Amino acid sequence: MYKIPESVLVVIYTEDMQVLMMERADKADYWQSVTGSKDFPDEALEVTAMREVQEETGIVVADRPGAVPLANLSDWRVANVYEIYPVWRHRYAPGVTKNTEHVFGLMVPNAIPITLAPREHLQYRWLPYREAADLCFSPSNAEAILQLPHHLAG
């Protein structure tokens with residue numbers, strides 16, 4: 001089954017603009033925020049974002065005790081269309097070369113426990129937002145992180 005070329009990017013951050021960065025398991029020294037594709041074409045982007053956050057970090061986003069409130073997840077209304085890196089193009093249907101990535105932000109409490117999906121990420125770190133942006137391998141991920149102050153002010 002091929003990946004759907006529509007995905008989410010979720011910048012996870014704290015109120016003091018510390019950003020969660022994770023190192024990819026399939027590409028050493030490639031650091032990023034949470035990313036992931038829709039599971040099916042009609043999956044709501046917000047559902048994709050919540051699912052990917054839980055799969056990759058163990059953070060549950062829901063309106064129930066012990067979870068990060070759904071109100072803390074915000075659609076930043078940014079869609080980036082980019083060329084899929086050749087190293088990952090085999091995951092998509094033949095001829096698919098571009099992906100549309102929808103950007104979300106998720107504010108979490110300081111010291112929230114993180115449980116990485118070992119098949120996806122090797123390690124994580126919290127960094128001030130500018131340092132996090134500098135660490136990103138993906139230009140669209142770096143740009144999203146640099147927009148964090150704008151979204152906190154809004």
Side-chain angles (χ1 to χ4, degrees), residues 1-24 30-85 88-89 91-93 96-117 120-121 124-154:
M1 186 168 166
Y2 294 115
K3 287 181 70 154
I4 296 168
E6 189 169 16
S7 66
V8 296
L9 166 70
V10 184
V11 176
I12 298 176
Y13 62 93
T14 60
E15 192 172 13
D16 61 351
M17 293 195 295
Q18 296 289 309
V19 174
L20 178 67
M21 297 299 296
M22 300 173 298
E23 183 182 19
R24 291 186 68 104
Y30 270 44
W31 289 82
Q32 66 179 69
S33 296
V34 167
T35 62
S37 296
K38 288 181 165 188
D39 273 354
F40 51 91
D42 292 339
E43 183 176 42
L45 292 168
E46 183 177 79
V47 172
T48 305
M50 292 185 313
R51 177 178 47 75
E52 289 294 336
V53 165
Q54 185 169 356
E55 288 174 5
E56 294 186 24
T57 69
I59 297 170
V60 176
V61 180
D63 287 329
R64 67 172 200 245
V68 174
L70 189 53
N72 287 28
L73 179 68
S74 58
D75 183 343
W76 287 1
R77 307 268 181 230
V78 173
N80 301 307
V81 178
Y82 64 85
E83 193 81 20
I84 298 165
Y85 283 84
W88 293 304
R89 211 170 279 161
R91 298 176 178 175
Y92 298 86
V96 173
T97 60
K98 294 192 183 297
N99 184 70
T100 301
E101 169 187 80
H102 302 272
V103 182
F104 285 77
L106 177 65
M107 186 165 61
V108 298
N110 288 326
I112 191 167
I114 302 296
T115 304
L116 295 179
E120 294 197 44
H121 300 288
Y124 72 91
R125 50 176 96 146
W126 290 95
L127 294 170
Y129 84 100
R130 287 185 187 277
E131 289 178 39
D134 288 343
L135 188 60
C136 284
F137 79 93
S138 161
S140 64
N141 195 164
E143 181 59 31
I145 292 169
L146 289 173
Q147 293 302 311
L148 180 56
H150 167 75
H151 291 284
L152 284 177

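These figures come from a predicted structure and were not determined experimentally. Numbers here simply count residues along the sequence, with the first being 1.
For Glu52 against Gly36, the heavy-atom pair with the smallest separation is CD-CA, 3.5 Å. For the pair Pro139 and Tyr85, the tightest heavy-atom approach, listed with the atom from each and the gap, is CD-OH, 3.9 Å. Contact record, Glu15 with Met107: CA-SD, 3.8 Å, taken as the closest heavy-atom pair. The shortest heavy-atom contact between Ile145 and Ser33 is CD1-OG, 3.9 Å. Across all their heavy atoms, Arg51 and Ser37 have their closest contact at NH2-O, 3.0 Å. Here the closest non-hydrogen pair linking Leu148 and Tyr129 is CD2-CB, 4.1 Å.
Within the model, atoms CE of Met50 and CZ of Phe104 stand 9.5 Å from one another, a figure rounded to the nearest 0.5 Å. Between the CG atom in Leu135 and the CG atom in Leu127 there is a gap of 6.0 Å [rounded to 0.5 Å]. Remark: Tyr82 OH to Asn141 CG distance equals 9.5 Å, nearest 0.5 Å. A distance of 10.0 Å separates CE of Met1 from CZ of Phe40, quoted to the nearest 0.5 Å. One finds the NZ atom of Lys3 at 5.5 Å from the CZ atom of Arg91 (value rounded to the nearest 0.5 Å). Atom CG of residue Leu106 and atom CD1 of residue Ile112 lie 7.5 Å apart, to the nearest 0.5 angstrom.
Taking the six-membered ring where the residue is Trp, Trp76 and His151 present parallel rings, their angle staying beneath 30° rather than reaching 60°.
Counting heavy atoms from C-beta outward, Asn99 and Tyr92 have side chains that approach closer than 4.5 Å. By the 4.5 Å heavy-atom criterion applied to side chains, Trp31 and Asp134 are not counted as neighbours. Annotation: side chain of Lys38 is in contact with side chain of Leu45 (closest heavy-atom distance under 4.5 Å). Two residues are said to be in side-chain contact when any heavy atoms from C-beta on lie closer than 4.5 Å; Val34 and Met22 meet this criterion. When side chains are defined from C-beta on, Lys98 counts as touching Glu83, because their heavy atoms get closer than 4.5 Å. Put simply, the side chain of Pro128 reaches to within 4.5 Å of the side chain of Gln18, judged on heavy atoms. Taking 4.5 Å as the limit, every side-chain heavy atom of Thr48 sits out of range of all side-chain heavy atoms of Asp39. Pro109 is not listed as a side-chain neighbour of Thr14, based on a closest heavy-atom distance of 4.5 Å or more.
More than 12 heavy atoms of other residues, nucleotides or ligands lie within 6.0 Å of CZ in Arg24, so this atom counts as buried by the packing criterion.
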Audit row: Thr97, Arg89, side chain to side chain contact (heavy atoms under 4.5 Å, CB included) steps and yes/no
CA-CA 7 Å; Thr97 60; Arg89 211 170 279 161; 4.1 Å; yes
Kindly indicate, with the supporting measurements, whether the criterion side chain to side chain contact (heavy atoms under 4.5 Å, CB included) is fulfilled by His121 and Gln32.
CA-CA 10 Å; His121 300 288; Gln32 66 179 69; 4.0 Å; yes
Can you check side chain to side chain contact (heavy atoms under 4.5 Å, CB included) on Leu152 and Tyr13, steps first, answer last?
CA-CA 10 Å; Leu152 284 177; Tyr13 62 93; 3.5 Å; yes
Chi angles and distances behind the side chain to side chain contact (heavy atoms under 4.5 Å, CB included) call for Ile12, Val53:
CA-CA 9 Å; Ile12 298 176; Val53 165; 4.2 Å; yes
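A donor and an acceptor atom, one from each side chain of Glu6 and His102, are located under 3.5 Å apart.
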